[in-house]
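Numbered from 1 within each chain, the chains take letters A, B, ... in sequence-line order.
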Amino acid sequence: MTIISIEDAGKYEGQEATIRGWLYNLRESGKLMFPIFRDGTGIIQGVCALKENPEAFEALKGLTQESSVIVTGKIRAEQRAPGGFEMGVSKIQVLQKVSEAQPYPIQLKEHGVDFLLDHRHLWIRTPRQASILRIRAEAIRAARNFMDSQGYILTDAPMFTPAACEGTSTLFEVNYIDDQKAYLTQSGQLYIEATAMALGKVYTFGPTFRAEKSKTRRHLTEFWMLEPEAAYAELGDMMNLAEGLVSAVVQSVLKNKSREVELLKRDTKKLEKVKPPFPRISYEEAIGILNKHNNPTKFGDDIGGDEETIVSNEFDRPVMVHRYPASIKAFYMQPDPERPDLALAFDMLAPEGYGEIIGGSQRIHDYDLLVKRLHEYKLPEEPFQWYLDLRRYGSVPHAGFGLGLERTVAWICGTEHIREVIPFPRMIYRVYP
RNA sequence: UCCCCGGUAGCUCAAUGGUAGAGCGUUCGGCUGUUAACCGAAAUGUUGGAAGUUCGAAUCUUCCCCGGGGAGCCA
C-alpha cells in the first residue's frame, strides 16, 4: 500500500493510500463517523460507515484525541470536506490509544498562554503552530541561501565567551573549566569581525543569549541571530545587503509556504510589497516625524517601542533609520566623518508595529579611537586584546549587522508574540518544558 | 528594578459580603454528511498561600507566591 503524506493527498485522488499519523478530532454521528487525521504535513477528514466497514468503525468508535493511527482508504474529492479531499477509511490500526483517564490536554478551543506554554511540547502539534515552525524553517533556508548567493561564508561564532560585546549587565554567567568564568554569547559580532578579516565576507547564524529582565512580546532570553560582516564594506553597503536579505526571506516564504501563510490568515498584500528599495531616513528625520506626531522625543533620546511604531507606520515596507547619536550606541561604532557626534549605524524597523528586526553599523577600524572608546565605556582592555589585534594588523573599514530571526518571523507570520515562532521559547522565568 | 492586570472544576470563564455555576473535555445513551457537529444524562472544587476584618469572605485589607502585559535595555 502506498504511504502518502496528507499534503500530497490530492495527487492520489481515486486511489487507495495509507496515512501514518494521529487522530486530530472525531465527530461521531450514529452509524457514521468523521475522524480527522493529522500527520505533521496537514489534516484530512476521514469518513467511516458502520454498514460498509464494521471493523474500522468499531476501532474508531470512542477513539481519543491524539491516539496514534495508521489508516488506509480511498482518497476522493469531496466539497463538504475541509481541504477538498477526504479519505473513505477502510482499515485502521491503532498504535496507541490515549487513555480516557488522562485525555489529551489541548482541546480544539481557546486556551490561556500559561497553559499553552506549559504544554509547548504538545502545543506544537496544532496546525497553526506547526505552520509557524515550517515558515521559520523556510525563513532560515531563504536567509542562508541569500547570504551564500552573495558570496558570504558561514563562519560560526562560539557560544562561550570571555567578555561582553556590549555591557555586562545582561550576560548569562557560567562556570567554565577550573572555576574560570565564562559567559553565553550575546552576539557573534566580535568574532566575525575576525573571520571577515580572514575570509572577506562572512556571516554567522546561531542562538544568542541575553539575561535582560524584559517581559514583552518582543523578547526572548534565547534567540537566533543572523549576522553578516564584510571587510571594506561601509554603512551603505550593509543597508543594501539588509534590504536584499529581508525581501528575499519574505518573498521566499510567500512563494514556498503559501499554504501555511494562508492557514495563519496573514494579510499577504502587505508582505508582497516588501521589495527593495526600502525607505532610508536619518535619525534626525525620524525625530522630525515623531515631533510631527506630537511625540516629544528630542535629539539624543533613544527611539523606544512606541516611537518605532509611529515612524514605521509612515511607510508601507520596512524602514531603515541611520546615523544615530554616538552617545546612545555601542562602543565599537564608527563615527560619521562629517558629523562625529553621529554613529554610522542603522536599524531596520519592520512594519505593523513589529519594531526593530535589524541593528547594524560600520565598525571603528582605527586602533587609537577604539582604545579610547573602550575606556569611555569603562570596559576592560585585557579581554579585548585579540579584538584590538584586528586593528593592529592590516585594519580596514568594515561593517555588519544582526538580524533577529524570531522578530522577523513573528512579523511575517503576524503573530502577537515572538514566543510562538521558536519551538521551545526561553523567557525570563520560564525554562519548562 | 519599576508600573499595570490576573490566579475559581482538566481547560475557558461566571458568581454585586449571604446555598460555588456554565460551556468545553471525560463517562454513559441517541443520531448516515459532520465542519471546534448536535441532543439527553452523570461525575468532577483546599476559589494560588498565610494572616486579618466580619454573624458570614471567591468577593474587603495586608503580606507572600505564580503568571500575563508594558517601561528601561535590546534583535
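- Candidate nucleotides rA71(B), rA75(B), rU32(B) were compared by shortest atom distance to the side chain of Glu356(A), and rA75(B) ranks first.
- The CG-P distance, from Leu171(A) to rA75(B), rounds to 13 Å in whole Å.
- For Arg20(A), the CZ atom counts as loosely surrounded, since its 6.0 Å shell holds 12 or fewer non-hydrogen atoms of other residues, nucleotides or ligands.
- Counting to the nearest Å, the C1' atom of rU26(B) and the CG atom of Leu26(A) are 14 Å from each other.
- For His417(A), taking side-chain heavy atoms from C-beta onward, the closest of the listed nucleotides rC74(B), rA75(B), rG69(B) is rG69(B).
- No more than 12 heavy-atom neighbours from other residues, nucleotides or ligands sit within 6.0 angstrom of CD on Glu55(A).
- Rounded to the nearest Å, the gap between the P atom of rG6(B) and that of rC28(B) is 40 Å.
- When the nucleotides rA71(B), rA75(B), rG68(B) are ranked by their closest atom to the side chain of Leu220(A), rA75(B) comes out on top.
- Within 4.0 Å (heavy atoms only), Glu78(A) reaches at least one base atom of the nucleic acid.
- A salt bridge is absent between Arg339(A) and Asp336(A); no separation between the charged side-chain nitrogens and carboxylate oxygens falls under 4.0 Å.
- Salt bridge status for Glu262(A) with Arg259(A): absent, with no side-chain N to carboxylate O gap under 4.0 Å.
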Under the 3.5 Å Watson-Crick or G-U criterion, the dot-bracket string of RNA chain B, with | for inter-strand pairs: (((((((..((((....[..)))).(((((.......))))).....(((((..]....))))))))))))....

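- Note: CG (Asp301(A)) to C1' (rC73(B)) measures 15 Å, nearest angstrom.
- Counting only heavy atoms from C-beta on, Arg419(A) has its side chain closest to rG68(B) among rC74(B), rG68(B), rC11(B).
- Judged by distance alone, the side chain of Ser214(A) and the main-chain N or O of Thr216(A) form no donor-acceptor pair under 3.5 Å.
- Between Phe331(A) and Phe384(A), the angle of the ring planes goes over 60°, which puts this pair in the perpendicular group of the 30/60° scheme.
- Residue Arg217(A) has no polar side-chain atom (N or O) positioned under 4.0 Å from OP1 or OP2 of rC74(B).
- With distances taken from any side-chain atom of Val113(A) to the nucleotides rC31(B), rU12(B), rG68(B), the minimum falls on rG68(B).
- Between rC39(B) and rC3(B), the two P atoms lie 48 Å apart (nearest whole Å).
- Nucleotide rG70(B) holds its P atom 9 Å from the CD atom of Glu416(A), rounded to whole Å.
- Distance check on atom C1': rC60(B) versus rU26(B) gives 37 Å, rounded to whole Å.
- At the heavy-atom level, Leu50(A) lies nowhere under 4.0 Å from the strands shown.
- Gln45(A) comes within 4.0 angstrom of a base, heavy atoms only.
- The interatomic distance linking Leu23(A) (CG) with rU26(B) (C1') rounds to 15 Å, in whole Å.
- Across rG49(B) and rC66(B), the matching C1' atoms stand 10 Å from one another, rounded to whole Å.
- When distances run from any side-chain atom of Phe34(A) to the nucleotides rC74(B), rG33(B), rG23(B), the shortest one goes to rG33(B).
- Distance noted for atom P between rU61(B) and rU16(B): 16 Å (whole Å).
- The pair Arg407(A)-Glu308(A) fails the salt-bridge criterion, with no side-chain N (NZ, NE, NH1 or NH2) lying under 4.0 Å from an Asp/Glu carboxylate O.
- Relative ring orientation between His121(A) and His119(A) is described as parallel, the plane-to-plane angle staying below 30° on a 0-90° scale split at 30° and 60°.
- The six-membered or imidazole ring of Phe209(A) lies away from that of Tyr183(A), with a centre-to-centre distance of 6.0 Å or more.
- Between the CG atom of Asp118(A) and the P atom of rG10(B) there is a distance of 15 Å, rounded to whole Å.
- Salt-bridge check for Glu376(A) with Arg373(A): passed, with a basic side-chain N closer than 4.0 Å to an acidic carboxylate O.
- Using atom P as the reference point in both rA58(B) and rA15(B), the two lie 15 Å apart (nearest Å).
- Rounded to whole Å, the separation between the C1' atoms of rG25(B) and rG10(B) comes to 7 Å.
- Within residues 79-88 of chain A, the residues having any heavy atom closer than 4.0 Å to RNA chain B are, in order of number, Arg80(A), Ala81(A), Pro82(A), Glu86(A).
- Heavy atoms of Phe223(A) sit under 4.0 angstrom from at least one base atom.
- Comparing atom distances between the Arg76(A) side chain and each of rC11(B), rG33(B), rG68(B) picks out rG33(B) as nearest.
- The distance between atom CD of Glu307(A) and atom P of rC74(B), rounded to the nearest whole Å, is 14 Å.
- At a cut-off of 3.5 angstrom, counting only N and O atoms as typed in the model, there is no donor on one side facing an acceptor on the other between the side-chain of Lys213(A) and the base of rC73(B).
- The side chain of Arg407(A) approaches rA75(B) more closely than any other nucleotide in the set rG33(B), rC31(B), rA75(B).
- No contact: His119(A) has no heavy atom under 4.0 Å from any strand.
- The CD1-P distance, from Ile428(A) to rG67(B), rounds to 10 Å in whole Å.
- RNA chain B is contacted by both Asp302(A) and Gly62(A); Gly62(A) maps to the nucleotide lying nearer its 5′ end (nearest heavy atom per residue).
- Taken to the nearest 0.5 Å, the CG atom of Asp39(A) stands 13.5 Å off from the OG atom of Ser68(A).
- Nucleic acid contact class of Glu406(A) (heavy atoms, under 4.0 Å, all strands): none.
- One finds no side-chain N or O of His111(A) lying less than 4.0 angstrom from the OP1 or OP2 phosphate oxygen of rG25(B).
- The side chain of Gln107(A) lies closest to rC11(B), out of rC11(B), rG70(B), rA75(B).
- Contact annotation for Gly112(A): backbone-only contact, meaning every heavy-atom pair under 4.0 Å involves sugar-phosphate atoms and none involves a base.
- Between the side chain of Ser214(A) and the base of rG72(B), a donor-acceptor pair under 3.5 Å is found.
- Nucleotides rU47(B) and rU8(B) are separated by 11 Å at their P atoms, to the nearest Å.
- Not one N or O on the side chain of Lys329(A) forms a donor-acceptor pair closer than 3.5 Å with the backbone of Ala345(A).
- Taking 4.0 Å as the cut-off between side-chain N and carboxylate O, Glu420(A) and Arg128(A) count as a salt-bridged pair.
- Arg136(A) and Glu406(A) are joined by a salt bridge, as a carboxylate oxygen and a charged side-chain nitrogen come within less than 4.0 angstrom of each other.
- OP1 or OP2 of rG68(B) sits under 4.0 Å from a side-chain N or O of Arg430(A).
- The residue Asp347(A) sits apart from the nucleic acid: no heavy atom pair falls under 4.0 Å.
- When heavy atoms are screened at a 4.0 angstrom cut-off, Glu110(A) is found touching base atoms of the nucleic acid.
- At the heavy-atom level, Glu100(A) lies under 4.0 Å from the strands shown only through sugar-phosphate atoms.
- In this structure, Tyr429(A) reaches the sugar-phosphate backbone alone: every heavy-atom distance under 4.0 Å involves primed, P, OP1 or OP2 atoms, never a base.
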